[in-house]
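The structure under discussion appears below in the form of structure tokens.
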Amino acid sequence: MKISLVQILFLLVAAGAAFLSLDPGHTWYLTLIAAAAIILAAFIQQDSDDNRIFTLAFGEIVVIAIAAESFWVSFMVQCAVIGAVMFDGRFMGDTVDRRFFWLYCIIALLCTIIFDRSVQVLIPFLMVTTIVAVTTFILVGFQEMRERRMYAGGNK
Amino acid sequence: MKPGRCTQGIWVMAGLLGAAAIVFNDTSFFLATFSLVLLSVTLAMRFRVRMHRIITSLQVRRSADDEVLQEGHPTTITTRFSCSPDAGIVVSVQDVLPPATISDPTNATAVVSADGNAIIRYSLIPVGKGSIVFPGILLTVSDPFFTSSLVMGSDPFRGPELEAHPNTAFEKSSILEHTGILEKDTIGIYRGSGFRSIREYIHGDDVRSIDWKMTAKYDRVFIREYTTVEKYSPLIVIDLPDRSFPVSDDQLAKLINSSTGEMVAAIRDYGTVSLFLISGVNVIDILLEETNLKRCLALIRASAHPHYRLHHAYRWKDRASRRRFVMKIRAAGSIPQKDGSSRFLGKIAQIYRQSLANPYIPVFSKQMRHLIYSLQTEELVLYSLFEGDLSHIREIARQAQMQRIRLIPRTVAGQDAIKIHSIKQALGMDTLEMIP
């Protein structure tokens, strides 16, 4: 069984952060189980959809468990889990991978600050999610349409 | 842009966590949900950027072995792609086929290798005449999260333009038959008894051809041009088996080798040979009265390759057989059948009567008739494995019989007795030569 060293490193960071935030009086068992699960997920066949989905699913459970203790640690864990999925076993990926990972981290950090400082989370969450989704939809759709018009050609 | 399994999984997770966040009104759930939404949009944008890089770097070079070809004649197309894909991206390219063409393999697709190059090679057969323009390519890019396709039909991805000429027109040569000698209306070294024209003497003409009577009359030297005497060369028909039948390469090789031998012998003995290459009712190629052995061998190499085997048409009955069947049913009509099949046979007879009223003649019959009428031959050597439907074989045998051409069917040895019997029945002959 071949396991990617990079993915293991990312997951160890996530698991380490999770263990550091253990609180015996709170949801420590959930954190422990989820942290163990994401490490186990790394043993599933590399570069497979199952591997990515398991890593994400258990990673998010760790994020939720830690967020109850420390919002900032949970942000770090979140970035580590997302990095493990995005780089997909390639050490820091290529330029495009790095650029989009940093973009993700910056937007996630801003939104974490917004959620942390908000009295009520639902409205900011809905607003931020809608803005991000609509902006991406417009950008991606525009680019796709432009390419189709440029390269499709016509009947000659 | 289509989401992959991973992206769908992310969306499902985001949905579930979002629902939990609203129910529990818990900030940590909101953070996890937003994290998944943000991840999917980041992945989508990353995918678009990568796809754009591939599209802008893509280069296509397409070439054809023959830019002018005959309708129904295959040509090999080679398409080379080059682009710069990022790691973790799978790029596949497909040549979009021009209309009214068939390709082998059907889907001309290639996956671009890690170095960004791919080559597609396929054979293209135009089924109609006219110009053929390649419309472009279909580019498919996929990463673990998204897949997208783009038809690229702009100028750099189109072309080249091929020209498909119509199938050989069977021109009727003006051949004179006189006391059993075949004479052709051309000048040749073998002098016939008929003469073609009288003209004035040109330096170098054979003095034996001087027409003394005309020379004396006009006081100028006249030459009598005689027609050419020809021998009858055989027509060799090679029938490639239907591509759906599993035929061993050894059998095909034996068939082609034997026909090549016959062709060499015909050129040696008669000076010319006619070659008719078919696959069922599909005419692949034709060479009429060819004197150049190299050209014959080149055609055999190019067109009689097992790669160009086609699917044969469904069986059909010729008009004479249909008429015979109708008469047979009419004769037996008054006798009721025990198994109640008389109604079925009556229905079949009715269909045949209707088709007889229709003057439709299959294209293959027309082509065969034109060929046999236009070509003066006494012998038709048929090479076939006699696999599957034998309607076209029956048609060849019938046309040969009508024109009083001797048919010599040949096949590869090793066929079972029942099959040989059915072949003989289809040909209406008692003999079938075996190639050892």
Side-chain angles (χ1 to χ4, degrees), chain A residues 47-49 52-53 56-57 59-61 63-68 71 74-75 78-79 81-82 85-86 88-90 93-94 96-97 99-101 103-104 107-108 111-112 115-116 118 120-122 124-125 128-129 132-133 135-137 139-141 143-144 147-148 150-156, chain B residues 1 4-10 12-14 16-18 20-22 25-53 55-56 58 86-88 133 135-136 139 143-146 148 150-158:
Chain A
D47 291 336
S48 71
D49 287 348
R52 294 181 196 105
I53 291 171
L56 266 177
E60 289 309 320
I61 293 171
V63 169
I64 292 164
I66 298 167
F71 228 58
S74 84
F75 165 72
Q78 189 176 289
C79 289
V81 171
I82 297 301
V85 174
M86 265 182 90
D88 217 10
R90 297 187 306 276
D94 53 17
V96 181
D97 282 329
R99 197 184 298 161
F100 278 95
F101 180 64
L103 181 74
Y104 171 88
I107 298 173
C111 294
T112 307
F115 295 158
D116 193 37
S118 307
Q120 209 266 3
V121 190
L122 183 62
F125 165 77
V128 168
T129 309
V132 167
T135 311
T136 311
F137 182 79
L139 285 175
V140 169
Q143 175 74 357
E144 197 162 330
E147 277 168 3
R148 281 188 199 280
M150 197 180 283
Y151 296 102
N155 293 326
K156 302 211 170 167
Chain B
M1 202 159 87
R5 189 168 160 253
C6 257
T7 312
Q8 286 170 357
I10 292 171
V12 169
M13 276 192 274
L16 290 173
L17 289 174
I22 292 166
N25 196 21
D26 192 316
T27 317
S28 50
F29 278 97
F30 281 119
L31 184 70
T33 310
F34 178 73
S35 147
L36 291 175
V37 173
L38 188 60
L39 173 67
S40 64
V41 300
T42 312
L43 292 172
M45 287 173 77
R46 184 184 70 168
F47 178 76
R48 277 312 321 170
V49 168
R50 281 183 164 162
M51 184 156 176
H52 183 72
R53 277 184 171 195
I55 290 168
T56 48
L58 186 69
D86 291 341
V133 184
L139 175 80
D143 75 351
F145 303 96
F146 291 98
S148 185
L150 181 66
V151 176
M152 302 175 84
S154 54
D155 282 338
F157 310 104
R158 292 164 69 92

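Just so it is clear, the values below take in all heavy atoms, side chains as well, and ignore hydrogens, waters and symmetry mates. Residue numbers begin at 1 in each chain, while the letters A, B, ... track the order of the sequences.
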*Contact origin within B:Phe47 toward chain A - heavy atom pairs under 4.5 Å*: neither
_Part of B:Met45 within contact of chain A (heavy atom distance under 4.5 Å)_ = both
_Counting heavy-atom pairs under 4.5 Å with chain A, which one of B:Ala32, B:Ala21, B:Gly9, B:Gly4 comes out on top?_
B:Ala32
*asked:* Taking side chain as everything from C-beta outward and backbone as N, CA, C, O, which of these in B:Leu17 sits under 4.5 Å from a heavy atom of chain A? Side chain, backbone, both or neither.
replied: side chain
*Find the distance between OH (A:Tyr151) and CD1 (B:Ile55) and round it off to the nearest 0.5 Å.*
6.5 Å
_Six-ring centre of A:Phe100, B:Arg50 cation under 6.0 angstrom, axis tolerance 45°_ = no
_Heavy-atom pairs under 4.5 Å with chain A: which of B:Arg5, B:Arg53, B:Met51 has the most?_
B:Arg5
*Identify the heavy atoms of A:Phe115 and B:Phe30 that sit nearest to each other, and give their distance.*
CE1-O, 4.3 Å
*Does a side-chain heavy-atom distance below 4.5 Å link B:Ser35 with A:Tyr104?*
yes
*Tell me, for A:Leu139 versus chain B, whether the close heavy atoms (under 4.5 Å) come from the side chain, the backbone, both or neither.*
side chain
_Shortest non-hydrogen contact from B:Leu31 toward A:Ser74_ = CD2-OG, 3.3 Å
*asked:* Less than 4.5 Å to any heavy atom of chain A: does that hold for the side chain of B:Leu139, its backbone, both, or neither?
replied: neither
*asked:* Which heavy atom of B:Met1 sits nearest to which heavy atom of A:Glu144, and what is that distance?
replied: N-OE2, 3.2 Å
_Residue selection (most heavy-atom pairs with chain A, distance under 4.5 Å) from B:Thr27, B:Val151, B:Val37_ = B:Thr27
*With respect to chain A, which residue among B:Thr56, B:Leu38, B:Thr42, B:Val49 yields the maximal number of heavy-atom pairs within a distance under 4.5 Å?*
B:Leu38
_Residue A:Gln78 versus chain B: region with a heavy atom under 4.5 Å_ = side chain
*Any donor-acceptor pair under 3.5 Å linking the side chain of A:Arg52 with the backbone of B:Phe145?*
no
*asked:* What's the separation between atom CD1 in A:Ile107 and atom CG in B:Leu39, rounded to the nearest 0.5 Å?
replied: 12.0 Å
_Smallest separation among heavy atoms of A:Ile53 and B:Met13, with atom names_ = O-CE, 4.0 Å
*Quick one: OG1 on B:Thr33 to CD1 on A:Ile64, what's the gap to the nearest 0.5 Å?*
7.0 Å
